[in-house]
Amino acid sequence: MTSSDRPKPANFIEEIVEEHLRTGKYGGRVHTRFPPEPNGYLHIGHAKAICIDFGIAAKYGGCCNLRFDDTNPVREEQEYIDSIREDIRWLGFEWGDREYYASDYYEQLYDWAVMLIRKGKAYVDDLSAEQIREHRGTLRSPGKESPYRNRSVEENLDLFERMRRGEFPDGSKVLRAKIDMAAGNINLRDPVMYRILRATHHRTGDAWCIYPTYDWAHGQSDSIETITHSLCSLEFEDHRPLYDWFLNELGVHHPQQIEFARLNLSYTVLSKRKLLKLVEEGHISGWDDPRMPTLAAMRRRGYTPEAIRNFCDGIGVAKADSVIDVAKLEHHVREDLNRRAPRVMAVLRPLKVVIDNYPEGKTEELDAVNNPEDPGSGTRKVPFSRVLYIEEDDFREEPPIKYFRLAPGREVRLRYAYFVKCIGVTKDDAGRITELRCTYDPATRGGDAPDGRRVKATLHWVSAPHAVSAAVRLYDRLFTKPDPDEVEDEGKDFRANLDPHSLEVLTGCRCEPGLNGAQPGGHYQFERLGYFCADVDCRPGKLVFNRTVSLRDTWAKIERRHVQHDAGA
RNA sequence: UGGGGCGUCGUCUAAUGGCAGGACACAGGAUUUUGGAUCCUGACGCGGAGGUUCGACUCCUCCCGCCCCAGCCA
């Protein structure tokens, strides 16, 4: 792509990239990477990074590597590698054969460490972890140099080699860069490059007993892969001078690191630590519980890759800390699903309706539009009979103001069927409504009245004898507060803001018969209710649907206002 | 308070010395066989104070506020 037919830079990173393209800094090359640590599942925050990393490479005709930053064997597992690969592919990105691992570079990293020792720029330190911390100083005061800082090159070389050979116990020695214990930037106060750790690595097994730290491995890994632009989040801004120092001392290819603000979402936690806690303490059913912000969970919930990508494009890229309103995410799923999800009728909380003047035993097949947003999607037949179910919430014995739906004496339309009028209510001994008696107008077949009379509401319905039953899981936001970390009481944390009603399981929902063929992962709009996704466990005869997101609901808003008003009055 | 960053509608995000624009959210209306979708309309913002300039969100100075860093985590 030439600069003339390219869209304007979308953000400050693209401006920098284009500046480099103009000046020829990297020979016109753009090569990025997405560098996850395989110690957890990818979440919506990673999706932002993935869209930036892969998106910028694609926009400028370059490519993006997938590199697993696997420098800590005690936390990393193959399971996570598999899930990360799956999630990135699902999101819609490809890395070809460019799948790398920091552990691929252990030998090179070791050689480079030896090089720094030879240059007098690294040394073996015998201080304990605690002593190192004490020597590091504080934010305001400079650190103290380790008594081992000025060992000879020969001694350092010997010691470092013996560290690798396994002659010393775990934690007894480290290799440190010799930079500046008085630096204002604490990352420059002789950072640790290697620690002794006898742990089996998921890829290198027991080949090593010393492991490079992230700080020592990351920049060089980018360099080895000839990355041009190392995009990462803000907290690594402080580390850039350190990476620059390493790369300059080594005299190797030097990528440009650019930092951007990570994603925060209202009503959501995104820290790995907190998500892990939710899983381990069983507040949710697992990493793919549809209330989780992980990509695996969102997929199960019914989010589409397109919706997530559109969301990521829509939120922009900048350096200011920010919290995106989760409503924006919900907007993008609705927007995408509105276009593609077939409409279907399902009654979540069934209320029986008998059409008194409809012949017993008669069944009609009525035409229903599959998706009004997609004319090509055609129509289907839906059975109608004398006994139906409508939504409990679509009838009120005493309708409040602005309530348009069914009530005694009131006429409404049954979608694609007939106008019906409520002429009676049957109750049980406890006074609960068990059944509605209605009449229908045969002249309104299909839903239009030849005499031009209008109704204010159209209800969804299913024919009782033809309906298939289903379990439906109604998911809502996991937390009650926009900022889950906001707690009143000292000693409480985000768990105190978990919403006990974030999941409601409905059984005995009644669906139009066609839904019996729903395949796991299939998306539907249940008319007037929301978007639903057939769960992985969904089978014919044992239907299970997850609510992805409700439809925008003007009535619910009005009703909420009434309640607030009444409460305030 | 050492070092590094960041402050534009309620929430995100544009503007690169020349009319503060867009999205989401919110409010109202049109339309509608989904109280959906669509369309229209509206209200709301440059952290503060000085300075430079014909003209400042933009440049300068000072102030205020917020975030990150003291793992042998990443």
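Residue numbers start from 1 in every chain, and the chains themselves are labelled A, B, ... in the order their sequence lines are given, proteins ahead of strands. Predicted, not measured: the structure shown is a model, and the values here were computed from it.
Side-chain atoms of A:Arg405 and base atoms of B:G35 include a donor and an acceptor less than 3.5 Å apart. Remark: the A:Lys328 side chain and the B:A23 base include a donor-acceptor N/O pair separated by less than 3.5 Å. Below the 3.5 angstrom threshold, one finds a donor paired with an acceptor across the side chain of A:Gln525 and the base of B:U34. In the interface, the side chain of A:Asn185 is not paired with the base of B:G4 through any donor and acceptor atom under 3.5 Å apart. No N or O donor and acceptor, one from the side chain of A:Glu559 and one from the base of B:G35, sit under 3.5 Å apart.
Within 4.0 Å of A:Arg240, counting heavy atoms only, lies no atom of the nucleic acid at all. Within 4.0 Å (heavy atoms only), A:Ile315 reaches sugar-phosphate atoms of the nucleic acid but no base atom. Here A:Gly314 lies out of heavy-atom contact (under 4.0 Å) with every strand. A:Lys402 comes within contact range of at least one nucleobase, with a heavy-atom separation under 4.0 Å. Within 4.0 Å (heavy atoms only), A:Glu134 reaches no atom of the nucleic acid at all. Within the nucleic acid shown, A:Glu373 comes within 4.0 Å of at least one base atom, counting heavy atoms only. Within 4.0 Å of A:Tyr194, counting heavy atoms only, lies no atom of the nucleic acid at all.
The side chain of A:Arg136 approaches B:G71 more closely than any other nucleotide in the set B:C73, B:A25, B:G71. Among the nucleotides B:G35, B:G2, B:G71, the one closest to any side-chain atom of A:Ile186 is B:G2. Side chain of A:Ser322, nearest nucleotide from B:G35, B:G36, B:C12: B:C12. Distance from the side chain of A:Asn338 is smallest for B:G36 among the nucleotides B:G36, B:A70, B:U1.
Taking atom C1' on both nucleotides, B:A20 is separated from B:U61 by 25 Å, rounded to a whole Å. B:C24 and B:A43: their C1' atoms are spaced 16 Å apart (whole Å). Across B:A23 and B:G45, the matching C1' atoms stand 15 Å from one another, rounded to whole Å. If you take atom C1' in B:G7 and the same atom in B:C63, they sit 14 Å apart, rounded to whole Å. Nucleotides B:U1 and B:C67 place their P atoms 15 Å apart, quoted to the nearest Å. Rounded to a whole angstrom, the distance from the P atom of B:A27 to that of B:C60 is 42 Å. When the P atom is used for both B:G47 and B:G10, the distance is 12 Å, rounded to whole Å. Straight-line distance between the P atoms of B:C57 and B:G50: roughly 14 Å, to the nearest whole Å.
Figure legend: A:Arg477 and A:Tyr267 shown as a cation-pi pair, the cationic atom lying under 6.0 angstrom from the six-membered ring centre and within 45 degrees of its axis. A cation-pi arrangement is present between A:Arg164 and A:Trp208 under the rule of less than 6.0 angstrom and at most 45 degrees off the ring axis. Both tests do not hold together for A:Arg405 against A:Phe395: distance to the six-membered ring centre under 6.0 Å, angle to the ring axis within 45°.
The shortest non-hydrogen separation linking A:Ser221 to A:Tyr105 is OG-CD1, 3.4 Å.
Distance CG (A:Asp325) to C1' (B:C44): 16 Å, rounded to an integer number of Å. Distance, A:Glu235 CD to B:C73 P: 17 Å, rounded to whole Å.
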Check: What do the steps show when you test A:Phe68 against A:Tyr101 for ring-ring contact (aromatic ring centres under 6.0 Å, His included), and what is the final call?
Finding: CA-CA 5 Å; A:Phe68 291 98; A:Tyr101 295 80; 5.1 Å; yes

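Using cut-offs of 30° and 60° for the angle between ring planes, the A:Trp287 and A:Tyr41 rings count as parallel.
Mapping A:Lys319 and A:Val323 onto RNA chain B by nearest heavy atom places A:Lys319 closer to the 5' end of the strand. Both A:Asn11 and A:Ala327 sit near RNA chain B, but only A:Asn11 has its closest nucleotide nearer the 5' end.
Of the nucleotides present, B:A30 is the one that pairs with B:U38 by Watson-Crick or G-U wobble criteria, both distances under 3.5 Å.
One finds no side-chain N or O of A:Arg528 lying less than 4.0 angstrom from the OP1 or OP2 phosphate oxygen of B:U32.
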